[in-house]
Novice: 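I have a structure I would like to understand better, so I am pasting it below and will then ask my questions one at a time.
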Protein chains: 2
Amino acid sequence: MPYDPSAFPPFAVTVDLVVLTVRRHSLCALAVRRGEQPFQGRWALPGGFVRADEDLAQAAERELAEETGLCAHDPSAPAQDNGAHLEQLATYGDPKRDPRMRVVSVAHLALAPDLPAPRAGGDADGARWAPVEELLQQGGHGRDGEPVAPLAFDHAQILADGVERARSKIEYSSLATAFCPPEFTVGELRRVYEAVWGVALDPRNFHRKVTGTPGFLVPTGGTTTRQGGRPAQLFRAGGATLLNPPMLRPEV
Amino acid sequence: MPYDPSAFPPFAVTVDLVVLTVRRHSLCALAVRRGEQPFQGRWALPGGFVRADEDLAQAAERELAEETGLCAHDPSAPAQDNGAHLEQLATYGDPKRDPRMRVVSVAHLALAPDLPAPRAGGDADGARWAPVEELLQQGGHGRDGEPVAPLAFDHAQILADGVERARSKIEYSSLATAFCPPEFTVGELRRVYEAVWGVALDPRNFHRKVTGTPGFLVPTGGTTTRQGGRPAQLFRAGGATLLNPPMLRPEV
DNA sequence: GATCATAGTCGTCTTCCTGACGATAAGCAC
DNA sequence: GTGCTTATCGTCAGGAAGACGACTATGATC
């Protein structure tokens, strides 16, 4: 079969972002309001077209920076200051997922510490952090009682897949530290797990587990009382990326 | 930003397949010889263009059927007779990965029981099962001493990612049964783990683990001596898909 | 047919990890 | 100081896994 440009149909390729953070004890995702058709006025995941000279990861980093100002870094790259974790999630290519044309979207998952108010991207009316349950309940009601329209396109599915990825990945990796500021306490890390999993964890067993796993946490020497109560040691994320044995998610 | 078809560059979208099986005690992948430029005559992963009306999973199933005759099924669908496991792996979109044009490839991972000789696909000179180490050693030598050229495109990376996914996934899922015929013995399943992980496992502890995990294996009542030695019970894969606690991969 | 090699299956023992939970420490608000 | 909060250490029982002994049931070989 010789090379024949007419032998394959043209596609548009986009990246969509599932940006997760933990705010006020709940897992939140970044949503933008669509300013154009289709799904005008509906909430959607941030994203955009991949440019002609761009790698997929570069496109995702660019979109993340545009929407949040975050400087993402590859997990294989050395850790950075303001860096969020960014990884490819999955690719969605149903022929009917975009009514305008054939669009294949390479979804990425970003995990970020709690951020100030998001800034709106170019083609979006506004942006906000919303609890994932709120974004995923189709046709339900938000915290303020307003009816909530489901996310545009297949973004509810993408978000659900991203949340599931994050939930399972913090079990066997040190990724939960990506939700924390550079220095954090064991209790703050525990609240991350509790928010992502939606469960309560025993503070004593959690403390034993994370401080007993070599390379997970390194003490900085400082302490803080920003959570109230007795002063807590401050830690930074250690070099270990894989937790073995893993952190066990409680049953149901 | 109004809808403007010129606002995004056109891409070609393909699916590439990492088809793994266990043959003669080693993990093997399906490779096809390229019949055209670029990389003519080199080994590559099977794959092809996604058609205009096709979902990504459908395209992967079609390619798998074309190359192997296997009827793949979604993990969410009920188990089938001749069905291989098929799942999306990752998407590769480096602007330079194909010298002809901008191609984004959605790689899929397929796990299949040992099959008869593969049949060549449409645009391939030939196809064969090759041990993954042989395909991954760049510029090394094959089993017969012949020099081996590295896989075409970025297929070595894709294969490595697929192998790593398979290795980690059989830890916490019952996916290893996808490498086995419909009825199999505990020893045959153990040889799958040993081949995929490249380690030796204790037969007694393995037997205790798999027979003690509820829903993993269901006895069929029959026995076989096809492996020699004392007759072994035959099992089918049970309904459980997640192993909890997981099968532990030995250190190093 | 006796012996041997091969593979399968059942047990035991020790060690490690976890879940449950008591107890103490060190801040802050009043 | 009292009470409340959070952090941290310790103890104990139960479960799972690694190491490995012992026995079983075939086919192959002499």
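All of these numbers come straight from a predicted model, not from anything done at the bench. In what follows, chains are A, B, ... by sequence order, proteins preceding strands, each numbered from 1.
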Novice: With a 4.5 Å heavy-atom cut-off, do Lys209(A) and Thr213(A) have their side chains touching?
Specialist: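 Sidechains of Thr213(A) and Lys209(A): in contact.
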Novice: If you assign each of Met247(B) and Phe235(A) to its closest nucleotide in DNA chain D, which residue comes earlier from the 5' end?
Specialist: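 Closer to the 5' end of DNA chain D: Phe235(A).
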Novice: Starting at the 5' end of nucleotides 1-8 of chain C, put B wherever the base has a protein heavy atom under 4.0 Å, S where only the sugar-phosphate does, and a dash everywhere else.
Specialist: -----BBB
Novice: In this structure, how many angstroms lie between the P atom of dT18(C) and the CG atom of Asn244(B), rounded?
Specialist: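 For the pair Asn244(B) CG and dT18(C) P, the rounded distance is 13 Å.
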Novice: Side-chain contact, heavy-atom cut-off 4.5 Å: Val199(A) with Tyr193(A)?
Specialist: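 When only atoms from C-beta onward are counted, Tyr193(A) and Val199(A) do not touch, as no gap falls below 4.5 Å.
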Novice: Decide yes or no for Trp197(A) and Met247(A): does some side-chain heavy atom of the first lie under 4.5 Å from some side-chain heavy atom of the second?
Specialist: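 Answer yes - side chains close enough.
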Novice: Can you measure Leu189(A) atom CG to dT8(D) atom P for me and round it to whole angstrom units?
Specialist: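 It works out to 12 Å between those atoms.
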Novice: Whether the Asp16(B) and Tyr92(B) side chains hold a donor-acceptor pair (N or O, under 3.5 Å, no angle test) is what I'd like checked.
Specialist: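 Their side chains do not contain a donor-acceptor pair, so the 3.5 Å distance test is not met.
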Novice: Between dG11(C) and Arg204(B), counting only base atoms on the nucleotide and side-chain atoms on the residue, is there a donor-acceptor pair under 3.5 Å?
Specialist: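 When only heavy-atom distances are counted, Arg204(B) does not reach the base of dG11(C) through any donor-acceptor pair under 3.5 Å.
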Novice: Base of dG10(D), side chain of Arg208(A) - is there a donor-acceptor contact under 3.5 Å?
Specialist: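 Donor-acceptor pair under 3.5 Å: no.
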Novice: Closer to the 5' end of DNA chain C via nearest nucleotide, is it Lys209(A) or Thr225(A)?
Specialist: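 Of the two residues, Lys209(A) wins.
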Novice: Rounded to whole angstroms, how far apart are CG on Asp202(A) and C1' on dG10(D)?
Specialist: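 Rounded to the whole Å, the gap is 13 Å.
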Novice: Rounded to whole angstroms, how far apart are CZ on Arg249(B) and C1' on dA17(D)?
Specialist: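 In whole Å, dA17(D) C1' lies 17 Å from Arg249(B) CZ.
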Novice: Do His155(A) and Ile158(A) touch side chain to side chain, with heavy atoms closer than 4.5 Å?
Specialist: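 Counting from C-beta outward, His155(A) and Ile158(A) do come under 4.5 Å.
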Novice: Between Asn205(B) and Leu248(A), which residue's closest nucleotide on DNA chain C lies nearer the 5′ terminus?
Specialist: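 In this pair, the answer is Asn205(B).
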Novice: Do Trp129(A) and Asp114(A) have side-chain heavy atoms sitting under 4.5 Å apart?
Specialist: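 When only atoms from C-beta onward are counted, Asp114(A) and Trp129(A) do not touch, as no gap falls below 4.5 Å.
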